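Remember, it's a predicted structure, so these values are computed and weren't measured experimentally. Residue numbers count from 1 along this sequence.
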Amino acid sequence: MDPLSDIFSSMRIRKAKFTTLDATAPWGVVSNGDPSIKFVLVVRGSGILTTRDNPDPVALRAGDVFIMFGDESYRVYDHERSRIEDCLDVEALRLGNRIQFGGGGTTTTFISGFFEIDRLDARPLLQVLPKLLHLKSEQNRSRAFQAVLELLAAEADAPGLGSDAVVRRLFELLFVHAVRAYSEQRATAKTGWLAAVADKNLSLAIEAMHAEPQMSWTVDRLARKAGMSRSAFAARFRAMVGQAPLGYLTEWRIYQAARQIEANGEKISVIARRIGYQSEAAFTKTFRKFMGCVPSEYRRNLVIAPVAPASAPTGEKQEAA
């Protein structure tokens with residue numbers, strides 16, 4: 001199994017929420033940022049996006065998708081001289097799942113979605129994805145990706161029975177296709193395992209580690225999987241991924257162990273052996289290094305802490321756009 005499939009197959013996306021925004025010119029929205037993962041699809045019209053870390057204007061067109069990770073502040077507007085309104089003020093105009101605001105001119109329509117993702121699930125992706133993903137409509141997209149966008153736009157425009165559930169499923173698919181599309185962009189600089197899976201040699205070693213993390217992998221064995229010499233493999237892996245091959249393997253094993261500790265009540269020793277540790281003591285030491293506590297304490301204190309809350313705490317409003 002390739003790493004992206006491995007991660008998405010166990011990812012838990014909760015409480016997806018969507019809003020359709022009809023912004024009439026002149027219009028503008030500012031968000032000071034919140035710890036959320038946010039999708040915005042431009043259904044019709046156009047706009048301009050700027051972020052705290054990327055102040056250069058990004059032109060948005062119908063069919064564009066952008067995804068925000070973390071607490072990056074940003075602005076979306078139709079013209080640099082347009083009045084900018086706070087997201088919370090725009091949210092106050094909500095009627096059901098739709099918001100209309102602006103000066104009454106030409107309409108730009110967005111579908112905005114918020115996600116809640118378990119922190120542990122999100123870690124492998126947040127380590128390698130930029131804070132802003134912008135997928136332009138003119139870029140080559142798979143038929144499946146385009147179909148998801150069209151279904152999402154149609155459902156938001158004319159919601160029917162079970163619409164919220166349908167949109168949640170579509171946003172999950174959109175997330176998968178968006179990350180896949182980003183990973184396939186040749187001109188985009190990538191880091192970590194996402195860079196390695198685009199390399200025809202390194203990807204073979206990455207897939208082997210994901211498929212059989214319990215194996216007694218050595219750099220020599222992984223190099224043979226990649227069809228490279230030991231020295232060339234080790235150097236290229238470190239340059240692309242940012243860590244040694246066995247360091248990556250250890251990190252992946254601990255991630256899998258933590259998932260299994262959350263999922264079932266098996267003995268720690270059983271989980272340790274399943275991911276490749278014959279010694280529970282060695283496993284416990286490594287787990288503490290990566291997770292900050294021993295496995296038994298991790299299990300006792302297990303509290304699911306979402307990366308991206310789908311709804312605001314009591315007394316606060318969910319931001320729009």
Next item on the list: Group every Ile, Leu, Val, Met, Phe, Trp and Tyr by side-chain heavy-atom contacts under 4.5 Å, then state whether Tyr277 and Val294 land in the same group.
Entry: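 No, it is not one cluster - the side chains of Tyr277 and Val294 are not joined through contacts under 4.5 Å.
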Next item on the list: Indicate, with yes or no, if Val270 and Ile254 share a hydrophobic cluster defined by side-chain heavy-atom contacts under 4.5 Å among Ile, Leu, Val, Met, Phe, Trp and Tyr.
Entry: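 Different hydrophobic clusters.
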How about [atom1] on [X], more than 12 heavy atoms from neighbouring residues, nucleotides or ligands closer than 6.0 Å, or not?
X	atom1	answer
Arg221	CZ	yes
Arg52	CZ	yes
Arg75	CZ	no

Which heavy-atom pair separates [X] from [Y] by the least distance, and what is that distance?
X	Y	result
Ile261	Pro295	CD1-CB, 3.9 Å
Gly63	Leu149	O-CD1, 4.4 Å
Ala205	Phe233	CB-CE1, 3.6 Å
Ala226	Leu204	CA-CB, 4.3 Å
Trp27	Phe110	CH2-CZ, 3.4 Å
Ala59	Asp64	O-OD2, 3.7 Å

Next item on the list: With salt bridge (charged side-chain N to carboxylate O under 4.0 Å, His left out) as the test, would you mind laying out the steps for Arg300 and Glu297 before giving the verdict?
Entry: CA-CA 5 Å; Arg300 284 197 305 270; Glu297 182 181 356; 5.1 Å; no
If you round to the nearest 0.5 Å, how far is [atom2] of [Y] from [atom1] of [X]?
X	Y	atom1	atom2	answer
Gln256	Ile275	CD	CD1	8.5 Å
Asp53	Thr51	CG	OG1	5.5 Å
Leu88	Ser31	CG	OG	8.0 Å
Tyr77	Glu85	OH	CD	15.5 Å
Arg98	Asp22	CZ	CG	4.0 Å
Leu152	Leu173	CG	CG	10.0 Å

Keeping the roles fixed (side chain from [X], backbone from [Y]), state whether a donor-acceptor pair exists under 3.5 Å.
X	Y	answer
Arg253	Pro213	yes
Thr24	Phe101	yes
Thr50	Pro55	no

Pairs under 3.5 angstrom only: tabulate donor-acceptor contacts from the side chains of residues 40-49 to other protein residues two or more places apart or in another chain.
residue	atom	partner	partner atom	Å
Arg44	NH1	Thr109	OG1	3.0

Note to self: Here's a test for you: under side-chain contact (heavy atoms from CB on, under 4.5 Å), which of Leu93, Val90, Ile111 qualifies with Leu21?
What the structure shows: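 Of all the options given, the one that passes is Val90.
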Note to self: Using the rule given for side chain to side chain contact (heavy atoms under 4.5 Å, CB included), can you reason through Leu125 versus Trp193, listing the C-alpha separation, both sets of side-chain angles and the distance that settles it, and then say yes or no?
What the structure shows: CA-CA 9 Å; Leu125 285 174; Trp193 60 265; 4.0 Å; yes
Next item on the list: Name the orientation class of the two ring planes belonging to Tyr248 and His210 (parallel below 30°, tilted from 30 to 60°, perpendicular beyond 60°).
Entry: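 Rings of Tyr248 and His210: tilted, 30 to 60°.
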Taking the side chain as everything from C-beta on, heavy atoms only, tell me whether [X] gets closer than 4.5 Å to [Y].
X	Y	result
Met68	Tyr74	yes
Leu194	Tyr182	yes
His79	Pro26	no
Asp199	Ile206	no
Val76	Phe66	yes
Leu222	Phe237	no

Next item on the list: Output, in order, the C-alpha distance, side-chain angles, deciding distance and verdict of side chain to side chain contact (heavy atoms under 4.5 Å, CB included) for Arg299 and Ile268.
Entry: CA-CA 10 Å; Arg299 173 170 279 165; Ile268 300 300; 4.0 Å; yes
Item checked: Under the side-chain contact (heavy atoms from CB on, under 4.5 Å) test, residues paired with Gln127 that sit two or more places apart ->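 By the side-chain contact (heavy atoms from CB on, under 4.5 Å) rule, Gln127 matches Arg123, Glu251.
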Next item on the list: Please report the C-alpha distance between Glu155 and Phe18 in whole Å, then the side-chain angles of each, then the deciding distance to 0.1 Å, and finally whether the side chain to side chain contact (heavy atoms under 4.5 Å, CB included) criterion is met.
Entry: CA-CA 11 Å; Glu155 188 65 32; Phe18 80 97; over 6 Å; no
Item checked: Pairs meeting criterion salt bridge (Lys or Arg N to Asp or Glu O under 4.0 Å) with involvement of residues 264-276, two or more places apart ->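 Non-adjacent pairs meeting salt bridge (Lys or Arg N to Asp or Glu O under 4.0 Å): Glu266-Arg274.
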